[in-house]
Amino acid sequence: MSSLKAGEKVNGVTVAELGNGNRPLDMIVYTKGGKDYLLMANNKRGVMKVDLARSAPSTHHGCH
């Protein structure tokens, strides 16, 4: 974040679709069985579990 400069262009990548109007409230990353997961509490649905190995940016959609 310290390398960002005012007015500079920044690109973001969607890593999870949470649903219309849904916002993350808290996130916890943990490892189980050698895999990394994210537990995310949000404002409209129950806690979501995200397999971080499956959420890596895809080169098929122009993400790097």
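Each residue takes its place number in the sequence, starting with 1. Worth knowing before you read on, the calculation uses all heavy atoms, side chains too, and leaves out hydrogens, waters and symmetry mates. Please read all numbers here as calculations on a predicted model, not as lab measurements.
When all heavy atoms of Thr31 and Asp36 are compared, the closest pair comes out as OG1-OD1, 2.6 Å. Contact record, Ser3 with Glu8: O-OE1, 3.9 Å, taken as the closest heavy-atom pair.
No side-chain heavy atom of Tyr37 sits under 4.5 Å from any side-chain heavy atom of Val29. Within the 4.5 Å cutoff, the side chain of Met27 has no heavy atoms near those of the Leu39 side chain.
For the atom pair Arg45 CZ and Asn22 CG, the distance stands at 5.5 Å (nearest 0.5 Å). Taking CG from Leu25 and CG from Asn42, the interatomic distance works out to 6.5 Å, rounded to the nearest 0.5 Å. To the nearest 0.5 Å, atoms CZ (Arg23) and NZ (Lys44) are separated by 8.0 Å. Between the CG atom of Asn43 and the CG atom of Asp26 there is a distance of 13.0 Å, given to the nearest 0.5 Å. Within the model, atoms NZ of Lys49 and OH of Tyr30 stand 4.0 Å from one another, a figure rounded to the nearest 0.5 Å.
When the side chains of ILVMFWY residues are joined at heavy-atom separations under 4.5 Å, either directly or via intervening members, Val47 and Leu38 end up in two distinct hydrophobic clusters.
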Leu4/Val10 under side-chain contact (heavy atoms from CB on, under 4.5 Å): CA gap, chis, key distance, verdict | CA-CA 8 Å; Leu4 295 177; Val10 177; 3.8 Å; yes
